[in-house]
Amino acid sequence: MTTAQTTELDVQPSPLALLLLGREADPKSERGVECPGDLPSPSDPDLVARARAAKEKLGDKVFVLGHHYQRDEVIQFADVTGDSFKLARDAAARPEAEYIVFCGVHFMAESADILTSDDQKVVLPDLAAGCSMADMATAEQVAECWDVLTEAGIADRVVPVSYMNSSADIKAFTGRHGGTICTSSNAQRALEWAFEQGDKVLFLPDQHLGRNTAVRDMGMSLDDCVLYNPHKPNGGLTAEQLRDAKMILWRGHCSVHGRFSLDSVNDVRERIPGVNVLVHPECRHEVVAAADHVGSTEYIIKALEAAPAGSKWAIGTELNLVRRLANRFAPEGKEIVFLDRTVCFCSTMNRIDLPHLVWTLESLAEGNLVNRIEVDRETEAFAKLALERMLALP
């Protein structure tokens with residue numbers, strides 16, 4: 001049915017459709033809400049009071065962690081906010097907290113369990129809150145990849161470097177094979193360390209962070225990088241290609257950051273003269289190359305804190321954070337917009353909502369342990385080894 005036919009029939013969108021599509025119209029956008037945009041109204045206001053009451057009842061027994069990409073209605077109950085690794089370390093620094101409620105996604109809760117004591121219990125309010133990037137590299141696929149590298153005669157020269165945004169199994173694989181973990185803040189230091197141990201790196205699971213760090217920050221060429229596709233025989237690569245490569249990049253990406261395009265950058269520069277384009281290194285290489293500034297979530301926040309009044313910024317990262325920063329710095333006269341016209345929340349991160357958080361806190365307050373995330377001892381030992389190598393980086 002065409003738009004004209006819809007109008008003639010006076011068909012009105014349902015409340016559910018409005019919820020899914022957004023509240024304002026933009027013909028150039030798929031979903032139609034420009035940053036800072038409007039989210040649906042918060043959950044039942046009674047839930048706010050219930051969350052406060054349950055958290056107060058638990059007192060020091062509970063420590064709530066809130067990732068930067070969480071909804072505002074959840075962030076308001078976080079004891080600390082930050083990126084995934086910062087939060088995991090914050091949890092480990094609170095040994096008196098019996099319960100660590102991680103408002104984030106599954107791999108983050110796993111990391112918190114690895115770094116906290118055996119007496120502490122890590123809880124994820126919604127077990128379906130996963131990470132599409134982390135899911136793009138399974139233990140079986142990575143083991144098969146290592147077999148391919150062994151058959152090519154180069155496994156003993158390859159050092160695995162895994163992004164923090166990976167499962168405990170992948171972190172454990174990395175630890176077993178002499179590798180280290182990295183964050184978006186220290187990826188260059190991790191790669192420099194790895195190249196002191198061997199002459200090749202297997203970078204898991206985000207191809208873009210690996211490529212951007214190697215080429216943009218370390219002066220390698222795109223020809224130094226090959227892309228290993230776990231869905232193709234031998235990763236879709238010949239033994240010669242593997243032997244010639246310095247960076248063997250896993251075919252994974254962030255579903256949010258991967259959607260930003262060069263057209264997004266060109267479009268925002270045309271719409272907002274003088275705008276500063278600031279993007280996360282999980283974005284595609286051509287986007288990073290066209291941006292004015294590139295950095296981690298913490299870098300983005302600090303850059304905007306230091307920005308002069310009246311400056312204009314287009315941010316290429318998850319919308320919850322961009323919207324929060326736009327509201328925070330508006331009184332200082334800083335104009336902050338989402339890089340793309342199309343709204344893109346992290347769908348799995350957004351599964352942690354106020355109803356799930358209230359259910360979790362009330363259950364814990366009643367003595368019922370729910371949704372515990374627990375990494376087995378062997379996996380934990382090797383994953384912790386990889387994390388400790390990262391912590392030892394200069």
Side-chain angles (χ1 to χ4, degrees), residues 39 42-131 134 164-165 168 183 297-298 301 318-321 323-325 327-328 345-375 387:
L39 282 170
S43 307
D44 183 346
D46 290 342
L47 291 176
V48 174
R50 288 171 58 183
R52 286 176 181 157
K55 194 164 184 283
E56 184 176 346
K57 182 177 179 180
L58 286 161
D60 292 339
K61 291 178 64 176
V62 70
F63 191 50
V64 180
L65 307 174
H67 191 273
H68 286 307
Y69 297 166
Q70 287 292 305
R71 306 162 180 253
D72 286 346
E73 66 175 39
V74 170
I75 282 290
Q76 66 179 314
F77 293 104
D79 294 301
V80 294
T81 59
D83 60 16
S84 58
F85 186 61
K86 175 183 180 296
L87 293 176
R89 294 188 72 181
D90 285 342
R94 294 292 290 267
E96 71 278 7
E98 180 180 353
Y99 304 115
I100 305 296
V101 176
F102 209 126
C103 298
V105 294
H106 196 272
F107 78 81
M108 300 178 187
E110 285 184 330
S111 297
D113 184 59
I114 290 167
L115 293 175
T116 52
S117 71
D118 292 341
D119 295 332
Q120 294 177 290
K121 303 169 184 65
V122 178
V123 174
L124 186 65
D126 185 348
L127 293 180
C131 170
M164 192 72 183
N165 298 27
T183 68
T297 303
E298 296 291 340
I301 295 170
E318 205 272 346
L319 185 56
N320 269 313
L321 175 60
R323 191 171 61 91
R324 190 174 301 124
L325 293 172
N327 293 333
R328 173 183 170 186
F345 297 100
C346 177
S347 59
T348 50
M349 191 79 73
N350 269 263
R351 292 194 67 93
I352 309 296
D353 55 14
L354 195 50
H356 281 94
L357 180 59
V358 168
W359 170 74
T360 299
L361 292 175
E362 289 183 339
S363 296
L364 296 177
E366 293 167 1
N368 300 321
L369 178 59
V370 295
N371 288 10
R372 182 178 184 182
I373 301 298
E374 194 169 16
V375 178
L387 286 166

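Both backbone and side-chain heavy atoms feed into the values below; hydrogens, waters and symmetry mates do not.
Taking NE2 of His67 as the reference point, atom CG of Leu321 lies at 9.0 Å (rounded to 0.5 Å). Once rounded to the nearest 0.5 Å, the distance linking CD1 of Ile301 with CZ of Arg328 reads 7.0 Å. From Gln70, atom CD reaches atom CG of Leu65 across 10.5 Å, with rounding to the nearest 0.5 Å.
Glu73 and Pro355 make their closest contact through OE2-CD, 4.3 Å (heavy atoms, listed as atom of the first residue, atom of the second, distance). Closest approach of Cys103 and Pro125 over heavy atoms only: SG-CG, 4.4 Å.
Looking at Asp79, its side chain does come within 3.5 Å of a backbone N or O of Val64 through a donor-acceptor pair. No side-chain donor-acceptor contact under 3.5 Å links Arg94 to the backbone of Ile100. A donor-acceptor pair under 3.5 Å is formed between the side chain of Asp113 and the backbone N or O of Val375.
The side-chain heavy atoms of Asp72 and Arg323, taken from C-beta on, include a pair separated by under 4.5 Å. Side-chain atoms of Ile373 and Leu127, non-hydrogen and from C-beta on, do get closer than 4.5 Å to each other.
Under a cut-off of 6.0 angstrom, the local environment of CD in Gln76 is crowded, with over 12 non-hydrogen atoms contributed by other residues, nucleotides or ligands.
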side-chain hydrogen bond (donor to acceptor under 3.5 Å, both in side chains) for Tyr69 and Thr297? Distances and angles first, verdict last.
CA-CA 10 Å; Tyr69 297 166; Thr297 303; 3.3 Å; yes

